[in-house]
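On a predicted model such as this, the values are computed, not experimentally measured, just so you know. Throughout, a chain's letter reflects where its sequence line sits, starting with A, and its residues are numbered from 1.
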There are 2 protein chains.
Amino acid sequence: MANLTALRDHNTAAVLGRIRAADEISRVELALATGLTAQAVSKIVQRLAAEGLIAPSGLTPSTGGKPRTLLRLVPQARWVVGAQLHRHGSTLLLVDLAGRIADATTTRFDPAGATPRQTLDLLAAQVEALIAELPRDRVLGVGVACPGPLDQHTGVLHQVTGLPGWDGIPLRAELSARLGLPVLLDKDTTAGVLSRPGAADRAFVYLGDGLGAGLVLGGRVQRGARTNAGEFGHQVLDPRGPRCACGNNGCLEALCRAALADGDVGRTAELLGEGVANLVRLLDLAQVVLGGDAVLADPEVFRGRVSAVVRERLPDPGWQEVGIEISDAGEHVVALGAAGLVLGTVFGEGAALEG
Amino acid sequence: MANLTALRDHNTAAVLGRIRAADEISRVELALATGLTAQAVSKIVQRLAAEGLIAPSGLTPSTGGKPRTLLRLVPQARWVVGAQLHRHGSTLLLVDLAGRIADATTTRFDPAGATPRQTLDLLAAQVEALIAELPRDRVLGVGVACPGPLDQHTGVLHQVTGLPGWDGIPLRAELSARLGLPVLLDKDTTAGVLSRPGAADRAFVYLGDGLGAGLVLGGRVQRGARTNAGEFGHQVLDPRGPRCACGNNGCLEALCRAALADGDVGRTAELLGEGVANLVRLLDLAQVVLGGDAVLADPEVFRGRVSAVVRERLPDPGWQEVGIEISDAGEHVVALGAAGLVLGTVFGEGAALEG
DNA sequence: GCCACTTAGTCCACACTGTTGCTTTACTGG
DNA sequence: CCAGTAAAGCAACAGTGTGGACTAAGTGGC
């Protein structure tokens, strides 16, 4: 489906996305980057400025004619809430358009102990508390990230690991009804890849409770046929390796867990590097961001070892350059990524909003 | 970039794609499937009929009112040429809109022996011979598939395996200049995934000279940051396994090759199944098509064993159903897929045509 | 200090998209 | 024969990006 409205939204998102990526940019450069005419950019910029989303922020030195007017995002023109729900509790963030965290709530509880209804009520109350001071129409929506499997499209949870009793709960609809705001649901790892803007072909690799990956390919979040892509940890790396909960032997996740239990962080990082190298080769990625508790405990070890293994494994490392980075959002990556789910609808890297 | 022309082309391709997928379909169903209004569908259908691409093919039984008019592709309204270039020769196919092969040329030669210029001249002559009887404006273009690495975007070859001296040759531009037709270049495995329409999330796994994969994710061909995605064969499956040409030990490709050399087809298929299971889990695929010499020699063994391993490895095979199929195009898969590169521009699954 | 020149950005008429409301066409069933 | 129903076309329209002319705001030569 595509009509004139969709066309406009698409181009508007493309312009906004460029402004965010460039921090500060002129109309002329926007036209060049998006392929739109100067005229179209002018109209779009005018509309965005009227809505308060962007504002002029200076002039370039003249090159012999009228100087270019630089444009900048007005970060606090709109807000989104990002929530991470896991088996030990929840993290909620209030995030502005620039992806900066303005406020945070971390709660430790046992969702397995409470009924889903109670937990939903609690979540809704926490969101309300975060946005209490803000005009309602300045809040774009709420993103929620959970462990999978779940159905991103309908917003329904399946047998979420560590959360029995949540199977079949229509989290998105329930929360949206309570709040009167658009809600998006996604897997924690998929959310993680949206915690910051990045390369058009990139992955977020998360070594926490489990081992998963979020994928952006060709500038689009990839969720797969049943919106459960990213099961990265159960690739068999050594058939003689330790048994994994998934039923196989020598899964990457089981190997990493075993190495971590031995206290051998370097070995863990190298194993992870093997998996990342496989991923990069298969999908020809330009950037891999690492996150999760284990990585945050020894960030430099992971960055160094994973980079080294990837460089060694790729056939032509000079040509296929890959940025290996540690997420700068720390323990907030997933919740920030959940916010990114909603921001993606504005900047053109995610799905369309409903509700 | 997106303007009104792009919008129209997008919607036109969506409509044509549905007609191809359904074989026979009414305007009403098209409107439902594409999300366009009945009016928009009518206009698009009218234009397509005027161009001769589709034609009415019958009526549905009435449900109390005017019966729906069924529409069908006119397969021979346009033609494309698909070419596979490998180190032992070339295969060229003349293909209609329905993806049916009307004519074929297979040549065995040694591209490594001839200069690139000579080989290009030969290819151009072979294309001319295939389309000699057809009005030039009925030929949409030529798709060429080669082993990688190459730059799909610019149409330039890199150090193609088995073809020394081709590094840096701008194959697309050269061939396009000789023929006066649009030319698209892509990796053989990426082409293969386009040999037939299929699920929005699918892979083509090719076990021939090497072991590679072509990916369609979210309805789009995925080529990666440097258009060389699909390196599927060099994931390490057993660190104590045999040495591979890529420098690592126990690559899937090396393991498969070793099993094949032992004459153990069943074992080869099971190893391939492990790789396919990893792929399906990572990308949440709905369909995997197998092809290549080794697979074609024992298709049923591969279909059976790979299916069995995938079913065994997936956490919930009932929910995550995956179709494992053997390509019905046989030895022509890659050349047919090369034709599919061009057809994809018409039916909306590929890149835009230029030149 | 003036003025030709250059570059950025806007105004306006326009072509073309899909949409909305209404009409025509074509069949069913009493 | 005619009321009812569903499909498809017609005509007016809103809104998109475009192209050409025009205005705004600088630089640099004399």
Side-chain angles (χ1 to χ4, degrees), chain A residues 1-19 22 24-51 53-72 348 352, chain B residues 1-19 22 24-51 53-72 348 352:
Chain A
M1 187 270 316
N3 50 25
L4 289 174
T5 314
L7 176 64
R8 186 190 57 177
D9 291 349
H10 174 92
N11 286 340
T12 307
V15 167
L16 262 180
R18 296 283 174 172
I19 294 176
E24 206 176 36
I25 191 171
S26 67
R27 289 175 178 80
V28 177
E29 290 164 301
L30 280 172
L32 219 81
T34 58
L36 296 167
T37 55
Q39 200 46 240
V41 170
S42 257
K43 278 190 186 177
I44 293 170
V45 161
Q46 220 161 25
R47 201 172 48 229
L48 288 171
E51 289 170 8
L53 291 171
I54 61 175
S57 65
L59 298 173
T60 58
S62 161
T63 60
K66 180 174 177 177
R68 302 173 175 182
T69 314
L70 291 170
L71 302 166
R72 212 183 246 285
Chain B
M1 187 269 316
N3 51 25
L4 289 175
T5 314
L7 176 64
R8 186 189 57 177
D9 290 350
H10 174 92
N11 285 340
T12 306
V15 167
L16 261 179
R18 296 281 175 172
I19 295 176
E24 208 177 35
I25 191 171
S26 66
R27 289 176 180 78
V28 178
E29 290 164 299
L30 280 173
L32 219 81
T34 58
L36 296 166
T37 54
Q39 201 44 241
V41 171
S42 259
K43 279 187 184 177
I44 292 170
V45 161
Q46 222 162 25
R47 201 171 49 229
L48 289 172
E51 287 170 9
L53 291 171
I54 61 175
S57 65
L59 297 174
T60 57
S62 162
T63 60
K66 180 173 176 178
R68 301 175 175 181
T69 313
L70 292 170
L71 302 166
R72 211 184 248 285

Given atom [atom1] of [X] and atom [atom2] of [N], what is their separation to the nearest angstrom?
X       : N      : atom1 : atom2 : answer
A:Leu70 : D:dA25 : CG    : P     : 16 Å
B:Ile25 : D:dA7  : CD1   : P     : 13 Å
B:Arg27 : C:dT25 : CZ    : C1'   : 12 Å
A:Leu59 : D:dA24 : CG    : C1'   : 12 Å
B:Gln46 : C:dT17 : CD    : C1'   : 15 Å
B:Lys66 : C:dA26 : NZ    : P     : 6 Å

Query raised in the report: Looking only at atom types and distance, does a side-chain atom of A:Ser26 sit under 3.5 Å from a main-chain N or O of A:Leu70, one as donor and one as acceptor?
Result: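 A pair under 3.5 Å: no.
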Query raised in the report: Is there a donor-acceptor pair under 3.5 Å between the side chain of A:Asn11 and the backbone N or O of B:Ala2?
Result: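 Yes, A:Asn11 side chain to B:Ala2 backbone: donor-acceptor pair under 3.5 Å.
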Query - Base-contact (B) and sugar-phosphate-only (S) positions in nucleotides 15-20 of chain D, heavy-atom cut-off under 4.0 Å, - elsewhere - result: BBBBBB
**Report entry** Pairwise side-chain contact, B:Leu53 with B:Ile19, heavy-atom cut-off 4.5 Å (strictly under)
**Finding:**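 Answer no - side chains too far apart.
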Report task. Side-chain contact test, heavy atoms from C-beta onward, threshold under 4.5 Å: evaluate it for A:Thr34 versus A:Arg18 and give yes or no. Result ->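 The answer is yes, as the side chains (C-beta and beyond) meet within the 4.5 Å cut-off.
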Query raised in the report: Where do B:Ile44 and B:Thr12 come nearest, in terms of heavy atoms and distance?
Result: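 Minimum heavy-atom contact is CG2-CA, 4.1 Å.
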Query raised in the report: When you check the phosphate oxygens OP1 and OP2 of C:dT10, does a side-chain N or O of A:Ser42 lie under 4.0 Å from one of them?
Result: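 Yes, A:Ser42 has a side-chain N/O under 4.0 Å of OP1/OP2 on C:dT10.
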Query raised in the report: Base, sugar-phosphate, or nothing for A:Ser26, non-hydrogen atoms under 4.0 angstrom?
Result: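 Nothing, no heavy atom under 4.0 Å.
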Requested in this report: Would you mind listing every salt bridge (charged side-chain N to carboxylate O under 4.0 Å, His left out) that reaches into residues 27-45 of chain B, with sequence neighbours excluded?
Outcome: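 Listed by first then second residue: nothing to list.
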Requested in this report: Let me know, please, whether B:Pro67 or A:Ser62 comes out on the 5' side of the other along DNA chain D by nearest nucleotide.
Outcome: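 The 5'-side residue here is B:Pro67.
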